[in-house]
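Input: a single structure, listed below in C-alpha cells.
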Amino acid sequence: MPEFHSPLSRTGGTRIFFDSPGDAPLISLSEYPVGRAFQVSGWGSEFEENARKVMAEFGFSGLGTFGAVQTAKNARSYRLAPNRALVICETHLPLPEYDGENLALLDLSHARIGIKVHGTKAAEMLQCCAPLDCSPAAFPSDHFAQTGIHEIPVLIDRTEAETFILYAPYTWASCLWGRLIRAANALGSTEDVAY
C-alpha cells in the first residue's frame, strides 16, 4: 500500500490563537489522525441485518441514528443516510471480512483528512465558517453534522464541549486549513505556531 503523506505537512504544525500573548488559547487547530476510514453502504431488505454483522466486529450495536455518534473501542461511527454509515478508527485496523450480498465496504482511509479544532472560541469560529448552530443545546457533544465550509464538504464531530473534529476530502485539506486560519484570525486573535 502506498505511504500516506499529509497535505497539511507543509502548514507548520499546530496553530494556536490567543487574545494576547500569555493568555490561555482561544483556538487551536491541528491535524487529527485518521487511521482507518470506511463506508458501509448497501441496499435491499437485508442491508440492516448484514450491516449489523459488520459493525459488530468493531463493537457497535448497529448502524446508529442520524446525527448521533456511536463510539466503540478506538472507533466512531456516523449514520450518514438510511443505507450508509461512515466508520473512522484511530488506528489502522483491517477492514472487516464480508462475503454476503447487498452490502459494500469502501475504504476511504486515504481519501479523508481530520482537523481538530479546540478551545473556548472553537464553536464561535465554526459558526463563522459553516451554516451551523454550534450552541450546546443545538449541537451537543457526541453528535455530528454534515455541512460545507466555503463549498468544501465536511463532517463535523463535536467530541467534547470545546472540541470538534472536522473530516474532509483529502484533496481539499489545504484549502479548508486556510479557511479555518482566516476565520480564527478574524476573531482578533494573535497566532502562534507550535511545532
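- Nearest heavy-atom pair across Ile113 and Ala173 is CG2-CB, 3.5 Å.
- Listed by first and then second residue, the salt bridge (charged side-chain N to carboxylate O under 4.0 Å, His left out) pairs involving residues 40-52 are Glu48-Arg52, Glu48-Arg79, Glu49-Lys53 (not counting sequence neighbours).
- Taking both residues in full, the closest heavy atoms of Cys134 and Leu126 are given as SG-CB, 4.1 Å, listed atom of the first, atom of the second, then distance.
- Side-chain contact of His118 with Ser28: a donor-acceptor pair under 3.5 Å is absent, judged by distance alone.
- Between Ala145 and Leu132, the closest heavy-atom pair is CB-CD1, 3.7 Å.
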| said: Using the rule given for side-chain contact (heavy atoms from CB on, under 4.5 Å), can you reason through His150 versus Trp172, listing the C-alpha separation, both sets of side-chain angles and the distance that settles it, and then say yes or no? | reply: CA-CA 11 Å; His150 291 273; Trp172 288 97; over 6 Å; no

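- Taking CD1 from Ile181 and CG from Leu29, the interatomic distance works out to 5.0 Å, rounded to the nearest 0.5 Å.
- The ring pair (Phe, Tyr, Trp, His ring centres under 6.0 Å) search around Tyr78 returns Phe144, not counting sequence neighbours.
- Nearest heavy atom pair, residue Pro153 against residue Pro169, reads O-CD, 3.2 Å.
- Under the 4.5 Å side-chain contact rule for hydrophobic residues, Leu105 and Tyr167 do not share a cluster.
- Within the 4.5 Å cutoff, the side chain of Gln70 has heavy atoms near those of the Ser61 side chain.
- Interatomic distance, Cys175 SG to Leu180 CG, rounded to the nearest 0.5 Å: 9.5 Å.
- Across all their heavy atoms, Ala161 and Ser141 have their closest contact at N-OG, 3.3 Å.
- Residues Ile88 and Val154 fall into different hydrophobic clusters, defined by Ile, Leu, Val, Met, Phe, Trp and Tyr side chains chained together at heavy-atom separations under 4.5 Å.
- For Arg76, the salt bridge (Lys or Arg N to Asp or Glu O under 4.0 Å) test picks out Asp142, Asp157, with sequence neighbours left out.
- In the hydrophobic clustering of ILVMFWY residues, with side-chain heavy atoms under 4.5 Å counting as a link, Met125 and Trp177 come out together.
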| task | Take Thr163 and Arg158 through the side-chain contact (heavy atoms from CB on, under 4.5 Å) test and state the conclusion after the steps. | result | CA-CA 6 Å; Thr163 305; Arg158 187 174 208 158; over 6 Å; no

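- Residues Thr159 and Val69 have side chains not in contact (no heavy-atom distance under 4.5 Å, counting atoms from C-beta outward).
- Minimum interatomic distance between Val34 and Gly114 (heavy atoms only, all atoms of both residues): CG2-N, 3.8 Å.
- With rounding to the nearest 0.5 angstrom, the CG atom of Asn102 is 6.5 Å from the CG atom of Asn50.
- Follow the hydrophobic side-chain contacts under 4.5 Å out from Leu176 and you reach Phe164 in the same cluster.
- Proximity of Val87 to Met55: side-chain heavy atoms (C-beta onward) are separated by under 4.5 Å at one or more points.
- With sequence neighbours left out, the ring pair (Phe, Tyr, Trp, His ring centres under 6.0 Å) criterion links Phe58 to Phe38.
- Taking the side chain as every heavy atom from C-beta outward, Cys89 and Asn74 never approach each other to under 4.5 Å.
- One hydrophobic cluster holds both Ile152 and Leu166 under the rule that ILVMFWY side chains link at heavy-atom gaps under 4.5 Å.
- Applying the ring pair (Phe, Tyr, Trp, His ring centres under 6.0 Å) criterion to Tyr32, with sequence neighbours excluded, gives no partner residue.
- In this structure, the side chains of Ile115 and Glu31 stay at 4.5 Å or more apart for every pair of heavy atoms.
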| said: Run the side-chain contact (heavy atoms from CB on, under 4.5 Å) test on Ser41 and Leu106 for me, step by step, so that the C-alpha distance in whole Å, both residues' side-chain angles and the decisive distance to 0.1 Å come before the verdict. | reply: CA-CA 8 Å; Ser41 58; Leu106 177 63; 5.9 Å; no

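- Sorted by first and then second residue, the side-chain hydrogen bond (donor to acceptor under 3.5 Å, both in side chains) pairs with a member in residues 127-140 read Asp133-Ser135; sequence neighbours excluded.
- Atoms OG1 and CZ, from Thr171 and Arg112 in turn, are 8.5 Å apart once rounded to the nearest 0.5 Å.
- Going from atom CZ of Phe47 over to atom CG of Leu103 covers 6.0 Å, rounded to the nearest 0.5 Å.
- Here the straight-line distance linking atom CZ of Arg84 with atom CG of Leu63 works out to 12.0 Å at 0.5 Å rounding.
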